[in-house]
Each structure stands twice: as structure tokens, then as C-alpha cells.
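Scroll down for the structure; my scribbles are underneath it.
First the proteins, then the strands, lettered A, B, ... as listed; each starts at 1. When reading the values below, keep in mind they use all heavy atoms of this one structure, side chains included, and skip hydrogens, waters and symmetry mates.
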Amino acid sequence: MSFPKAEKLREKSDIDRLFRTGARFSCKGMALRIAKNTLGKNRAVFVPVRSFRGSVERNRAKRVAREVWRLNKASFAQGYDLAFVLYPDAVDFEIIRSNMLFLLRKAGLFR
RNA sequence: UGAGCGGGCUUAAGCCAUCGCGGUGCACUUAUGUGCACCGAGGAAAGUCCGGGCUCGUGAAUGAGCGCAAUACCGGCUAACGACCGGGGCGGAAUCUGACCAGCUUUAUGCUAAGGCGGGUUCCGUACAGAUAGUGCAACAGAAAGCAUACCGCCUUGAAAAAGGUAAGGGUGAAAAGGCGGGGUAAGAGCCCACCGCCUGUUCAGCAAUGAGCAGGGCACGGCAAACCUUAUUGCGAGCAAGGCCAAACAGCAGUGGGACGCUCAUCCCCGCUGUUUUGACGCUCCUUCUGGGAGUAUUCAGAACAGCAGACUGCGGGUAGGCCGCUUGACUGGUGAGUGGCAACACUUUCCCGAGAUGGAUGAUGGCAGCAUGGGCAACCAUGGACAGAACCCGGCUUACGAGCCCGCUUUUUUU
RNA sequence: GUGGGUGUAGCUCAGGUGGUAGAGUGCCAGACUGUGGAUCUGGUUGUCGUGGGUUCAAACCCCAUCACCCACC
């Protein structure tokens with residue numbers, strides 16, 4: 001299950017719009033912003049906050065979150081922009097996995 | 001032998017498989033994908049403390065002056081540096097040494113290196129220009145603290161009070177007008193002498209810093225420039241979000257249109273659509289005192305005001321969003337392996353190789369094997385863990401963080417002699 | 001990437017011309033009160049972020065370093 005560039009949310013204007021108007025779900029260690037788009041498929045972005053201890057931990061949180069998304073993205077409804085905001089409490093693979101699935105269930109994206 | 005601290009060098013947990021991501025090349029498709037091959041974080045990528053390359057700016061980045069900042073023993077190295085290398089001075093430690101003072105004793109051409117003075121060797125450290133260019137600063141204590149002074153003392157005179165001489169000894173202080181020993185003296189003093197220090201001159205060695213020697217001077221010229229300052233040298237400012245190229249949209253400027261009469265040209269005039277309100281004209285109806293006047297009014301035409309809608313196409317310069325380049329082969333000095341010169345930093349010659357280039361920002365996940373550390377266990381084995389840390393235009397240094405291995409130095413535990 | 005600031009008592013801050021560190025608040029004790037508060041009196045509190053250096057002497061001067069904060073593009 002690949003994760004090419006077309007399924008990434010890359011434009012600064014798109015991201016700004018998502019954070020301004022998107023619906024908001026959160027739990028300990030992670031937050032989710034979500035909004036419908038017109039492309040018929042999902043686009044995602046992973047945003048670690050600034051207060052990580054260093055760039056190693058910050059990048060690692062982002063990579064792990066992206067891996068979790070890549071492995072699970074086939075089981076969700078299509079046509080949304082998503083932004084996952086990551087906080088320094090949770091870096092482990094399993095914690096990020098359970099957080100992400102919990103938030104997506106709250107958002108009602110499971111098919 | 002175990003542990004700790006400091007310094008230097010090497011390395012940055014290995015192999016295999018699957019899935020995933022970024023780049024380059026080739027092929028096919030085509031405007032974006034697919035397939036194959038190869039490559040894909042560091043010694044500090046970090047801090048941003050210095051130095052450059054590169055790019056733009058200003059008239060220029062060449063020169064002179066002022067201000068500001070940095071640097072400051074000498075020589076070398078370098079593109080450059082405050083870095084690095086070598087040398088010198090100074091300071092400290094260890095050790096050896098002259099028995100000069102001091103100490104001890106068996107009292108002699110004796111012993112002692114713990115103390116003072118002098119000499120040598122090794123190691124470590126060192127922001128180390130100028131205090132005789134000037135201005136300034138030094139609390140308290142002390143008699144006196146900057147071209148100074150005499151408190152207790154010592155000596156002379158004197159019955160005493162006191163006067164004179166003196167700077168050994170005491171006391172104050174961080175610092176008190178060379179140190180130490182001998183001679184000398186009323187007591188003392190570079191007053192005289194040896195050694196050391198200082199100043200002046202000179203000779204030799206060295207590229208130089210500086211060192212060694214000789215002669216002279218008996219000798220104040222104190223400390224602080226990480227106080228102001230003086231002298232010398234260096235430095236223009238901004239930074240890859242530099243800078244260059246392409247370029248939607250909105251706004252701006254210019255042009256293109258229609259109408260009279262078949263065509264062409266010139267000049268002049270007019271100019272979109274819808275709705276509401278209002279004014280005027282023509283028409284119609286009604287009243288009337290009837291060549292006239294008045295009232296009402298659908299529609300049409302014209303004008304004015306307000307509101308709404310529509311505002312196209314082409315070109316232009318500037319340029320936003322966005323994209324591309326800059327971008328990775330590089331200071332002939334990148335990596336690797338040899339060789340030559342140099343004490344070294346480093347320089348030169350040569351073989352082979354090209355080893356990240358992202359842009360919401362690529363290195364991740366899973367499994368297996370081997371191995372390391374810690375804990376448990378007699379053992380097989382089991383469990384846990386993976387140092388510091390992530391390229392962002394590129395280099396040379398410095399500093400800081402840190403796992404493992406090796407080497408050196410120091411401290412210490414245990415054992416043995 | 002560039003530039004700037006702060007670190008002093010439990011807390012908020014002074015002190016910066018080198019000469020031996022203070023204010024408010026807090027805390028402790030006493031007085032007052034039936035008790036508490038308020039008030040009054042007295043006391044207490046520091047390796048001046050860390051490590052070096054200069055100096056006779058450093059919170060102050062110099063260098064390095066650590067942590068935190070801010071601004072601009």
C-alpha cells in the first residue's frame with residue numbers, strides 16, 4: 001500500500017483553509033482536523049508541534065504517524081483532507097496507532 | 001587486579017528478506033506514470049563563537065581621513081582566520097644539584113635537599129604590545145600609599161624635657177624604596193664586596209622573538225591597560241528567504257466594435273440592458289363660460305435621477321500566487337591508495353572513484369540470524385535496552401553533547417613483595 | 001538565517017563608578033485578643049546560573065558555556 005505525493009496535502013493555502021474551517025477532534029497526544037474536498041480521494045498531512053525536544057524526535061513522530069496511516073488508509077471513506085497534529089507525549093508506534101484509529105472512528109470515517 | 005577522572009586516535013551495531021519514501025540514469029508511454037539499475041544523514045549535520053567562497057547593493061569595494069569593532073612575543077602555514085604548527089619569555093609542579101644561610105651531631109675539610117638563596121633537567125599551563133606619551137584608580141588598616149614617611153625602636157648628646165643621626169628589627173597592609181650573605185659602623189645604610197636581580201653601552205649566536213658574554217652604573221625606574229588610552233595591523237553592508245528566469249488572477253494603460261445609403265476613406269455626432277420615480281411631447285377620454293382652458297390616463301418617444309445586471313478580446317510594462325534555476329565536481333586542495341619535501345602545521349606529484357540534494361521537507365515499519373550491555377539463572381536460555389543526535393548553498397577552524405574499542409597520564413581499592 | 005535580552009532570598013525585583021548584598025512579600029518568635037485576622041516589635045533567608053581568568057580584592061571587568069525568553073525576514 002503506497003503513499004505517493006498526490007495523496008499528501010502540500011499546498012500552504014489548502015492547509016491554511018483546513019485549519020481555519022475543518023472539523024476538530026482530539027485526544028491525548030494527537031489532534032485531527034478534517035474537511036471534505038472535491039477530489040474524490042483522501043489527502044493527509046502530519047504536523048508535529050514545536051515543543052518537541054529536538055528534530056530527531058519530531059521527525060520520528062511524523063514518520064511513525066505516516067507509516068500508521070499508510071498501513072490503515074484503505075479502510076476509510078474517501079474525499080477528505082486530513083491534518084494530524086502530533087504532541088510530544090506519544091511517540092511509540094502502538095500509541096500513535098491507537099490514537100489515530102480512535103480519532104478516525106470519532107470522525108466517522110470508517111466504512 | 002577493579003573503579004574513577006583527564007587527553008589522543010578509530011568507529012558510529014553487522015547481515016538477509018518483504019512493504020514503503022526521495023533522487024539520478026535508461027527504456028516505454030506521454031505530460032504524467034510504469035519498469036529496471038544504482039544511490040540515499042554526521043563526527044559532531046548542533047551551538048552560531050570566528051574565518052572565507054558565492055550573490056546582490058551603493059559612484060566604487062581600489063585609495064585617503066574620521067568613528068566603531070576585533071586582534072596583539074617571534075617565525076611559519078593557509079584562500080583566510082582570533083584556528084593550527086614550531087620556537088622564545090613568564091608561571092607552576094616534580095626531580096637532580098652548590099652545603100652559601102639555617103638545622104642536627106660524634107665538632108669536622110661531618111650529616112641533612114624539609115625551609116631560604118643560587119644552578120640544571122623533564123612535564124604542564126600561558127589573552128604574552130606599550131606603565132619613561134598622558135589622564136586616572138587603590139576601601140579598611142597603617143606614622144607614611146606615589147617624586148612619601150618615622151609610631152614602637154636602635155645610636156649619640158642631655159639630669160630631664162628634648163634635639164640630632166638611622167631605616168637593621170617590630171607592627172599595619174595585597175603592596176613600604178632591590179634579595180641574600182659577609183665586611184663595616186656609635187647605631188646603621190649599596191657605605192664597600194661575592195652571587196642573583198635591575199639600568200646603560202657593547203660583542204657574539206640566531207631570519208626574529210630572545211639568549212650568552214664583557215665593560216660600566218651602586219641602583220629606583222612600584223602595581224593596575226580583561227580602567228580610559230597610545231601604537232601597529234585587519235575589517236564596506238546584507239545574506240541562498242542572496243540572486244536570476246518564466247508567469248495565472250485582480251487592478252492599471254493602450255487598442256479592437258456598432259449606427260446613416262451599395263462599397264471605401266476622412267471628419268462630426270450618438271451608443272448597452274432591466275426596473276422604479278419624475279418632467280415634457282403626441283394621442284385618447286371627460287368637463288367647460290368653447291379659435292381657448294382644465295382634469296385624468298394605457299401605450300409610445302425623449303430627457304433626468306436612483307437601483308440592479310452585463311462589462312468581451314488583444315497587447316503592454318511592472319510583477320503577486322505558483323513554478324524552474326541557483327543545487328552540488330569541490331579554494332589545481334572532495335574521497336581513496338602510493339610517493340617526495342618539511343621537526344611539524346602543511347605543500348607537491350600521481351592511481352582509481354563520484355558517495356544525499358529534500359522543499360509541509362525523503363532514511364521508516366515488520367520478521368529472521370549473529371553480536372554487545374544490564375538483570376535473572378549452575379547451565380542451556382529468558383527478559384529488557386540501543387549514546388549524542390537529523391543534511392537544508394558550500395567549505396576551513398573553535399566550542400559543546402556522547403556509546404564502544406585501543407593507547408597515554410593521574411588518583412584510588414584489594415592482593416603480593 | 002539574522003539580531004537582542006534575562007539569570008541575585010521561597011516569590012517579585014533593586015544594587016553594576018570593583019571595597020565584602022538590599023527592599024517588598026513570605027517564614028519564625030513575641031506583644032495585642034476569649035480565639036483568629038489585621039496591626040506593632042524583633043529575627044531569619046543567598047556558593048549572585050555554571051566553569052575559568054585579570055586584580056590585593058569580582059554580583060560588578062574579560063572569556064567560555066548552560067538554560068529560558070523575545071523580535072525580524
Would you measure the distance from the C1' atom in B:C49 across to the matching atom in B:A70 and give it in whole Å?
13 Å

Quick one: pull up SG in A:C27 and NZ in A:K106 and give me the separation to the nearest 0.5 Å.
7.0 Å

I need the full list of salt bridge (Lys or Arg N to Asp or Glu O under 4.0 Å) pairs touching residues 34-48 of chain A, with sequence neighbours left out, sorted by first then second residue.
A:D14-A:R43, A:R43-A:D81

Whole angstroms only, please: what is the CD-P distance between A:E94 and B:A365?
12 Å

For B:G294 versus B:C271, give the span between their C1' atoms, rounded off to a whole number of Å.
40 Å

Expected label for B:G355 (glycosidic angle, syn inside 90° of 0, else anti) would be syn

With both distances kept under 3.5 Å, what pairs with B:C66, Watson-Crick or G-U wobble?
none

Could you give me the stems involving RNA chain C, meaning stretches of three or more consecutive Watson-Crick or G-U wobble pairs whose two defining distances are both below 3.5 Å?
C:1-7 with C:66-72, C:10-13 with C:22-25, C:27-31 with C:39-43, C:49-53 with C:61-65

Please give the distance between the P atoms of B:G334 and B:C348 as a whole number of Å.
10 Å

Rounded to whole angstrom, note down the C1' distance from B:G89 over to B:A80.
29 Å

Hey, can you pull the donor-acceptor pairs under 3.5 Å for the side chains in residues 56-64 of chain A, sequence neighbours left out?
unit_1	atom_1	unit_2	atom_2	d
A:E57	OE2	A:R53	NH2	3.1
A:N59	ND2	A:S55	O	3.3

Interatomic distance, A:L9 atom CG to A:N42 atom CG [nearest 0.5 angstrom]
11.0 Å

Once rounded to the nearest 0.5 Å, what's the spacing between atom CZ of A:F25 and atom CG of A:L103?
8.5 Å

With a 3.5 angstrom cut-off on both distances, give the Watson-Crick or G-U wobble partner of B:A238, or none if there isn't one.
B:U55

First of A:V45 and A:F93 reached from the 5' end of RNA chain B, by closest nucleotide:
A:V45

With sequence neighbours left out, what residues match A:R97 under side chain to side chain donor-acceptor pair (under 3.5 Å)?
none

Need the glycosidic conformation of B:G43: syn if within 90° of 0, anti if not. Which one?
syn

CZ of A:R66 to CG of A:L86: how many Å apart, nearest 0.5 Å?
11.0 Å

Pair assignment for B:U349, Watson-Crick or G-U wobble, requiring both distances under 3.5 Å:
B:A338

Does a side-chain N or O of A:K62 approach OP1 or OP2 of B:G364 to a distance below 4.0 Å, or not?
no

With a 4.5 Å cut-off on side-chain heavy atoms, are A:I96 and A:M30 touching?
yes

Please report the distance separating the P of C:U39 from the corresponding atom of C:U25, rounded so that it comes out in whole Å.
9 Å

Separation of B:G360 C1' from A:F52 CZ (nearest whole Å):
15 Å

Distance between the C1' atoms of B:G239 and B:C410, in whole angstroms?
49 Å

Whole Å only: how far is the CD atom of A:E57 from the P atom of B:G390?
10 Å

What does B:A108 pair with, Watson-Crick or G-U, if both distances are under 3.5 Å?
B:U105

Looking only at heavy atoms, which two atoms of A:F76 and A:Q78 are closest? And how far apart?
O-NE2, 3.2 Å

Review item, nucleotides 18-22 of chain B N/O atoms under 3.5 Å of protein N/O:
unit_1	atom_1	unit_2	atom_2	d
B:C19	O2'	A:R70	NH1	3.1
B:C19	O2	A:R70	NH2	3.4
B:G20	O4'	A:R70	NH1	2.9
B:C21	OP1	A:F3	N	3.4

Roughly how far, to the nearest 0.5 Å, is OH of A:Y87 from CG of A:N99?
12.0 Å

At under 4.0 Å, does any side-chain N or O of A:R60 touch on OP1 or OP2 of B:G364?
no

If pairing means Watson-Crick or G-U wobble with both distances under 3.5 Å, then the partner of B:U297 is B:G283

Between A:R63 and A:S55, which is nearer to the 5' end of RNA chain B once each is assigned its nearest nucleotide?
A:R63

A:F46 CZ to B:A362 P: how many Å, rounded?
12 Å

Taking only the P atom of each, what is the distance from C:U50 to B:C84 in whole angstrom?
29 Å

Expressed as a whole number of angstroms, how long is the span from A:I96:CD1 to B:U366:C1'?
16 Å

Integer angstrom distance from the P of B:A220 to that of B:A232
34 Å

Would you please classify the geometry between the A:F84 ring and the A:W69 ring as parallel, tilted or perpendicular, with 30° and 60° separating the classes?
tilted

For B:U185, the nucleotide meeting Watson-Crick or G-U wobble distances (both under 3.5 Å) is none

Remember a base hit wins even if backbone is also touched, and classify A:V68 as base, sugar-phosphate or nothing at under 4.0 Å, heavy atoms.
nothing

A:F46 vs A:M100 side-chain heavy atoms within contact, under 4.5 Å:
yes

Return the pairing partner of B:G40 with a 3.5 Å limit on both distances, Watson-Crick or G-U wobble; otherwise return none.
B:C21

Across nucleotides 34-39 of chain B, 5' to 3', mark each nucleotide with B, S or - according to how protein heavy atoms within less than 4.0 Å reach it.
------

Distance check, rounded to the nearest 0.5 Å: A:I34 atom CD1 versus A:L82 atom CG?
4.5 Å

So, is C:A57 syn or anti if syn means the angle is within 90° of 0?
anti

A:K73 atom NZ is separated from B:G364 atom P, nearest whole Å, by 20 Å

Interatomic distance where CG belongs to A:N59 and C1' belongs to B:A46 [whole Å]:
14 Å

Paired to B:A387 by Watson-Crick or G-U wobble criteria (both distances under 3.5 Å) is none

